[in-house]
Amino acid sequence: MDTAIIIEKSVLIVAVFALTMLMAMYATLAERKVAAWLQDRIGPNRAGKGGILQPLADGLKLFSKEEFLPDTPNKFLFVAGPAISMSVALMTSAVIPWGDKLEIAGRTVIMQATDIDVALLYVFGVLSVGVYGIMIGAWASNNKFSLMSAMRASSQMISYEVAMGLSIIALLMMTGTLSLREIAAQQSGMNWNVFYQPVGFLIFLVCSFAETNRTPFDLAECEAELIGGYHTEYSSMRMGFYLFAEYASMFISSTILAVLYFGAYNYPGMQWAVENWGVNVANIIGFLALFAKLCFFIFFYMWVRWTIPRFRYDQLMRLGWQMLIPLAIANIFVTAICILWSDGNLF
Amino acid sequence: MALQTMSLSGRKKEVSNKKMTFLERLYLWTIIKGMMITIGHLFTRKVTIKYPEQVRERSKVYRGQHLLKRDEQGRENCTACGLCALSCPAEAITMTASERKPSEKHLYREEKYASVYEINMLRCIFCGLCEEACPKDAIYLTESKVLVPSQYDREDFIFGKDKLVMPLTEAMKNAQLKNAN
């Protein structure tokens, strides 16, 4: 029994890890392709059919570059920076429910690496550690521009974490649970949270852009003011890890958006599919549904990137502290009143 | 109408610093409008030309490398009048005139010819004014794809008659074509 669980969980973890890596790889290609398409170009199309092998070529190039180590007293931290970024980006995927359950050889397999009660808190905790990867790497670079970039990135991420947390509280009041699995299960059918929490979704969406350092909140990278960004001193695969971590966290935050607000693996008619086609088929379709939703959000990230110019720094802070946080608090109050009203406890 | 408010193009827009309304300050609607514009570009025809496989069509007035022409009997047209050198805005053309000897009647069409004809390709701007100035139909800018091949020495960019004069075989071919017609 115990070995079966270990094997089952190992397979799941490896599968989720592989999926995250693959998606991050192909997100880089998708980014370039979408950028090209939105600008009436074709994009990379030489490596493989239609450019399908481009991520491999990029990776090979990064691997073959010289690993430059700047003259810094913090060599250990310099190496630790990208490692933290990368592991944090990958750790979040542990609690995501990819589907309800599968039935293999009489065993019920939950399509989730770990089902912990405080999954949502775990996600937030791990995401906030992400800022350390950037901060430590830039600090160890012994370069004032890198440090300035990291200051921008970290103050931005910390500011928007507040609004993000507040927007989630309204959702928690509705769902009454922190487990992502239960939140997903509550949204069966078309009972998606986005219909009940549109403002919360909007705040969460804007904050996810800020958390992943994507345009219009990509102030951490700026050639004109900061030479490069927090990774100016990095080269070879360490640099690759930073870039890769950005795409991995984009993938994860797209998934979380889909799970929290867009019904996770649920699709209309899932109940019917379970009864008629069996649990396995229904859940594989469910996984594909989740996959389609998160792909849409990844596309959305890129779509926004090529539409909206970046904020000025004071605008960024004003939006975070003076707009989103009051709005999130108001959202909590409105949600509370609605819940009381629907329970008949108001007045 | 006052001069300050007049619009010649009809597209003049008065700039105002009026305070934005609450809805305008949200920017949400504007962002959605902008995103609709960008998504529209996802489906437009791409302008890229896949270069080695596809080659952009040349303009009809394309001007490539120069050619000093021969007539149907293989004689050089140029009489070294110097009008091309005079018309050249970049002063790229120089020549030395010589008198034709009786034994050279099959080589040059008229009594005077250019014994040296040089174009400095570093100076040439391919404007085609030499072609327009030539009264003898001697110099032409061709449709050649090669403009000026790269070289190591500046001297190599001065193209002499060896590179400029039309090869005899081509002159023969032209003559045959003309006879056939």
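Chain letters run A, B, ... following the sequence lines, proteins first, then strands; residues in each count from 1.
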Listing, residues 126-136 of chain B side-chain donor-acceptor contacts under 3.5 Å, not counting sequence neighbours, or none:
unit_1, atom_1, unit_2, atom_2, d
Glu131(B), OE1, Leu141(B), N, 3.0
Lys136(B), NZ, Glu110(B), OE1, 3.3
Lys136(B), NZ, Glu110(B), OE2, 3.2

Query raised in the report: Quick one: what part of Leu202(A) sits under 4.5 Å from any heavy atom of chain B, side chain, backbone, both or neither?
Result: side chain
Report task. Decide if atom NZ of Lys61(A) counts as having more than 12 heavy atoms of other residues, nucleotides or ligands within a radius under 6.0 Å. Result -> no
Query raised in the report: Crowded around Glu99(B) CD? As in, over 12 foreign heavy atoms under 6.0 Å?
Result: no
Query raised in the report: Rounded to the nearest 0.5 Å, how far apart are CD1 of Ile39(B) and CH2 of Trp306(A)?
Result: 14.5 Å
Report task. Take atom CG of Asn17(B) as the centre, draw a 6.0 Å sphere, and report whether it contains more than 12 heavy atoms from other residues, nucleotides or ligands. Result -> no
Query raised in the report: To the nearest 0.5 Å, how far apart are CD in Gln39(A) and OG1 in Thr48(B)?
Result: 10.5 Å
Report task. Check the surroundings of atom CZ in Arg58(B): do more than 12 heavy atoms from other residues, nucleotides or ligands lie under 6.0 Å from it? Result -> yes
Show which side-chain atoms of residues 163-171 of chain A pair as donor or acceptor with protein atoms under 3.5 Å away, not counting sequence neighbours.
unit_1, atom_1, unit_2, atom_2, d
Ser167(A), OG, Met164(A), O, 2.7

Query raised in the report: Just by distance, do the side chain of Trp303(A) and the backbone of Met35(B) share a donor-acceptor pair under 3.5 Å?
Result: yes
Requested in this report: Heavy-atom distances under 4.5 Å only: say whether Ile42(A) touches chain B with side chain, backbone, both or neither.
Outcome: both
Query raised in the report: What distance do Leu319(A) atom CG and Tyr27(B) atom OH have between them, rounded to the nearest 0.5 Å?
Result: 11.0 Å
Query raised in the report: Looking only at heavy atoms, what is the nearest atom pair of Glu53(B) and Arg46(A), with distance?
Result: OE2-NH1, 3.0 Å
Report task. Taking atom CE of Met173(A) as the centre, report whether more than 12 heavy atoms of other residues, nucleotides or ligands fall under 6.0 Å from it. Result -> yes
Requested in this report: Identify the heavy atoms of Phe299(A) and Leu42(B) that sit nearest to each other, and give their distance.
Outcome: CZ-CD2, 3.9 Å
Report summary line: Residues His41(B) and Asp40(A): closest non-hydrogen pair is ND1-OD1, 3.1 Å
Report task. Measure the CG-NZ distance between Asn45(A) and Lys50(B) for me, rounded to the nearest 0.5 Å. Result -> 6.0 Å
